[in-house]
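What you see is a predicted model, and the numbers here were worked out from it, not measured in a lab.
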Amino acid sequence: MAMPEKFLKPYDPKATEGSIYKEWEESGYFNPDNLPKLPDGSERIAPFSIVLPPPNVTGTLHLGHAAMLAVEDILVRYNRMRGKKTVWIPGTDSAAIATQSKVEDILYKESKQTRHDIGREALMERVDAFTKESESTIINQVKRMGSSLDWSRYAYTLDDKRYKAVMEAFVRMYNAGLIYRGNRIVNWDPKMQTTVSDDEIERKEETTPFYYFKYGPFVIGTVRPETKFGDKYVVMHPSDERYAKYTHGQQIDLEWINGPITATVIKDEAADPAVGSGVMTITPAHSLVDFEIAQRHNLDIEQVIDERGILLPIAGEFAGQHIKKARAAIVEKLKAKGLVEKVDEKYTNNLATNSRGGGLIEPQIKKQWFIGVTRPIAERGGKSLKDLMREAVESGNTKITPDHFEKIYYHWIDNLRDWCISRQIWFGHRIPVWYKGDETKVQADSPGAGWEQDPDTLDTWFSSGLWTFSTLGWPEQTDDLKNFHPTAVLETGYDILFFWVARMILMSTFLMGEVPFKNVYLHGLVRDGQGRKMSKSLGNIIDPLDMIEKYGADAVRLSLIMGAAPGNDIKLSEDRIRGYKHFANKIWNVTRFVLENTQGLTLEDGFDDRNEFDKELRQERRATFEEVNKHIDTFRLDLAADTLYQYVWHRFADEIIEDSKRILKEGSDEEKKRRQMFLLYTLHWILKGLHPFMPFVTEEIWKDMPSRKDLLMVETWPA
RNA sequence: GCGCGGUUAGCUCAGUUGGUAGAGCAUCCCCUUGACGUGGGGAGGGUCGUAGGUUCAAGUCCUACACCGCGCACCA
């Protein structure tokens, strides 16, 4: 057999990757139902399942996705080769708020219309068209990474099956008393005109003046004078001796922004004597802490700012002004009245913004739907959702890697408040609650004529929380659900531990009575070569698709794995990617050498165990793979890849092959044969071992291996 | 303020149950005309953040501190 011509030129990923992915897809082996039997003729039984964290349907592939795909594909391919019944389920996410705001932006740019101009139905049509158009883009980009996803099980968060699952989940949670409607203080985004959950708030630093105002005999501080109109309670710590002469409930007449008012003294431990003067006034309608104080003492709560950020009549002459503009004018007026004690010009304040749309958050009291996280659940032995979430990890049923994130997870649970799940946007899963007069019904479908559905939709993380089982067919009792749930691993970035991982545990432990996954593997953020975040303004963004184009998907995958310990940020530079392309080429040339020197031989030509020197080589090879197995099983893919890299390049190529040149030239026929068999055999091992990490180049080489029976992706792992 | 990490060679990072410090890249020198220049051999370079402690022995365990990063909280 002559040396295949392709090995005479350097490895060219561009010429091979597309067709190889097609072969994989057409083989059907991404689907566990089509996987071949094991070499001993038995069926694959042990399951290995991963659900893909669904990228936004309207997004494009970035390095975070690329890292995630690399890790998950390695785990899936490794386990497939180890004989497991493997499935990796793809999907995309509607990303409700983000997608709707994107479409609204386009709408406004094109026709200067808002969603209210065109109405709910027309907007949804536009959103659907936009997502359909985008969907294929992200899917094709995911495929270019070599991801061995079972596309026959593709799910979209808003498709019919998932919609049904979401409705079912809501109704069940409502019936269990976990979902309730309440008038509580929520994070309101005046720009998007919707509520936002606590976890979606992003704090941004700003430098702003800090004002000290005279409030009767007291001095109070604030950065937000515009909220102060309704402040008629003055709060101090019960044991603050400076204010011992004031008693709880005492009334004090004083001059305030728009004239004389009567303030009431409240003694509450929420006032920290060490902060400022130790005295504060409260605005219960626009501050969570103030709201809680007001509730404790049963105080009046008055709205000062409306849903668009406009001051209400309580602001007197300032009513109708936007809070942004009103602030300076209010301060001027207070100055004129001699009520400004002093101004600290450079105060660092953390502004709450909506991390999805960027609007400034204004706390408001609104009637919304909530999930009560501390309510006892009868069908779970009186435990609360918080208890269930904590137990999932404490029991070890779900292990988080790296494990220090478990502490962060507990910390989050301890601080968790009821989760506001209703959103005033249109794109998403509509809340399955129906109203007719004073009647309310909670059910998936309309109860009939005259019933009106709640106009709100659900927080996108509500449906995402169901993802491990909604993708497997829940609420129907499917075979997939039986076979593959709980899933083996959930792999994602540590930045969505709370958003998503915790919500999945919440949903699964309640609805399924089991954890959603046995392992959580958290990868780091991908940064540039100097450790900076990639951003447009720094101009340091690396596009994974450009890199695939230049160096091949295998090189990109390896660059995101090597040196990336779990949970550590990944520092990526183009140099590193180039380096791994060199490695792909090295494997290519190793193959060329081995095939050239073993022509006419196959694995079936036997293996001589009596050669003592080669015995050591074989032991070393086995030890190498045992190390690789150990690392993969403990999610140290970085070390596994490094072990293989070292062995292939610096042991096998640099030493064993170099040494073989002498033997093949000068050795006896028997020595030659032994060495040839070792080289050929080891090349098989190497290709198998590297396949999960570098699937394209190894599969391409595999085509010319004399012992090939099927695709490398379903070959058995060396042992 | 509370919590979680990190600090090891110029850079990026490993370092498994404590036993004389490792890799890749970079630098310098040398080699190489049939596996591969996307190559090979070699060299220099670290008192492992600081100060204590435990131990026969500490990069590894304990305590404190410093600096860097992150999460939560804070709009009095």
Quiz prompt | With A:I657, the side-chain contact (heavy atoms from CB on, under 4.5 Å) member among A:T682, A:N589, A:N597, A:V590 | solution =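 The option that passes is A:V590.
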Practice problem: Give a yes/no answer on whether the side chain of A:W649 brings an N or O atom under 4.0 Å of OP1 or OP2 in B:G40. | Solution: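 Result: yes.
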Quiz item: Below 4.0 angstrom from OP1 or OP2 of B:G5, is there any side-chain N or O of A:K407?
Solution: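 Answer is yes, contact under 4.0 Å.
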Under 3.5 Å, is there a donor-acceptor pair linking the side chains of [X] and [Y]?
X	Y	answer
A:T283	A:D231	yes
A:S660	A:R675	yes
A:Y551	A:E574	yes

Practice problem: Return the set of residues passing side-chain hydrogen bond (donor to acceptor under 3.5 Å, both in side chains) with A:H684 (not counting sequence neighbours), or none when no residue passes. | Solution: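 Counting only residues at least two positions away or on another chain, A:H684 forms no side-chain hydrogen bond (donor to acceptor under 3.5 Å, both in side chains).
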For [N] and [M], measure between their [atom1] atoms and round to the nearest Å.
N	M	atom1	answer
B:C25	B:G45	C1'	14 Å
B:G24	B:A43	P	12 Å
B:U55	B:U17	C1'	16 Å
B:A23	B:G46	P	15 Å
B:G34	B:U27	P	28 Å
B:G19	B:A35	C1'	42 Å
B:U20	B:C67	P	35 Å
B:C56	B:C2	C1'	41 Å

Practice problem: Using a 4.0 Å heavy-atom cut-off across all strands, classify A:E658 as base, sugar-phosphate, or nothing. | Solution: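 Counting heavy atoms under 4.0 Å across all strands, the contact made by A:E658 includes a base.
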Quiz item: More 5' along RNA chain B: A:E655 or A:F7, using each one's nearest nucleotide?
Solution: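 Its nucleotide being nearer the 5' end, the pick is A:F7.
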Self-check item: Stems formed with participation of RNA chain B [Watson-Crick or G-U wobble, under 3.5 Å, three or more pairs]
Solution: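 Paired runs of 3+ in RNA chain B: B:1-7 with B:66-72, B:10-13 with B:22-25, B:27-31 with B:39-43, B:49-53 with B:61-65.
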Practice problem: For A:I570 and A:A564, work out which heavy atoms get closest and say how close. | Solution: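 That closest heavy-atom pairing would be CG1-CB, 3.5 Å.
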Quiz item: Looking only at heavy atoms, which two atoms of A:F696 and A:A553 are closest? And how far apart?
Solution: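 Reported closest heavy-atom pair: CE1-CB, 3.6 Å.
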Expressed as a whole number of angstroms, how long is the span from [X]:[atom1] to [N]:[atom2]?
X	N	atom1	atom2	value
A:K586	B:G24	NZ	P	13 Å
A:H404	B:G6	NE2	P	7 Å
A:R576	B:A23	CZ	C1'	13 Å
A:D495	B:G5	CG	P	19 Å
A:Y645	B:G24	OH	P	8 Å
A:D654	B:G42	CG	C1'	13 Å
A:K661	B:A35	NZ	C1'	6 Å
A:F405	B:G6	CZ	P	11 Å

Identify every side-chain donor-acceptor pair in residues 579-586 of chain A under 3.5 Å, counting partners at least two apart or on other chains, and give the distances.
{"residue": "A:N585", "atom": "OD1", "partner": "A:Y11", "partner atom": "N", "Å": "3.0"}

Exercise. Say whether, by atom type as modelled, one donor and one acceptor occur between the side chain of A:K214 and the main chain of A:E255 under 3.5 angstrom.
Key: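 Pair absent, no side-chain N/O of A:K214 close to backbone of A:E255.
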Quiz prompt | A:W702 side-chain N/O to A:L687 backbone N/O, donor-acceptor pair under 3.5 Å | solution =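 Not a single qualifying donor-acceptor pair exists.
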Practice problem: Find the distance between CD1 (A:I74) and CE (A:M694) and round it off to the nearest 0.5 Å. | Solution: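 The distance works out to 10.0 Å.
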Quiz prompt | Under 4.0 Å protein heavy-atom contacts per nucleotide of nucleotides 13-19 of chain B, with B for base, S for backbone only and - for none | solution = SSSB---
Quiz item: Reading nucleotides 70-76 of chain B 5' to 3', which nucleotides get B (base under 4.0 Å from a protein heavy atom), which S (sugar-phosphate only), which -?
Solution: -BSBBBB
Exercise. Run through A:W500, A:W412, A:W461 and flag the one making a side chain to side chain donor-acceptor pair (under 3.5 Å) with A:D199.
Key: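 Of the listed options, the one satisfying the test is A:W412.
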Self-check item: salt bridge (charged side-chain N to carboxylate O under 4.0 Å, His left out) contacts in which one or both residues fall within residues 268-278 of chain A, not counting sequence neighbours
Solution: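 Listed once each, the pairs are A:D268-A:R296.
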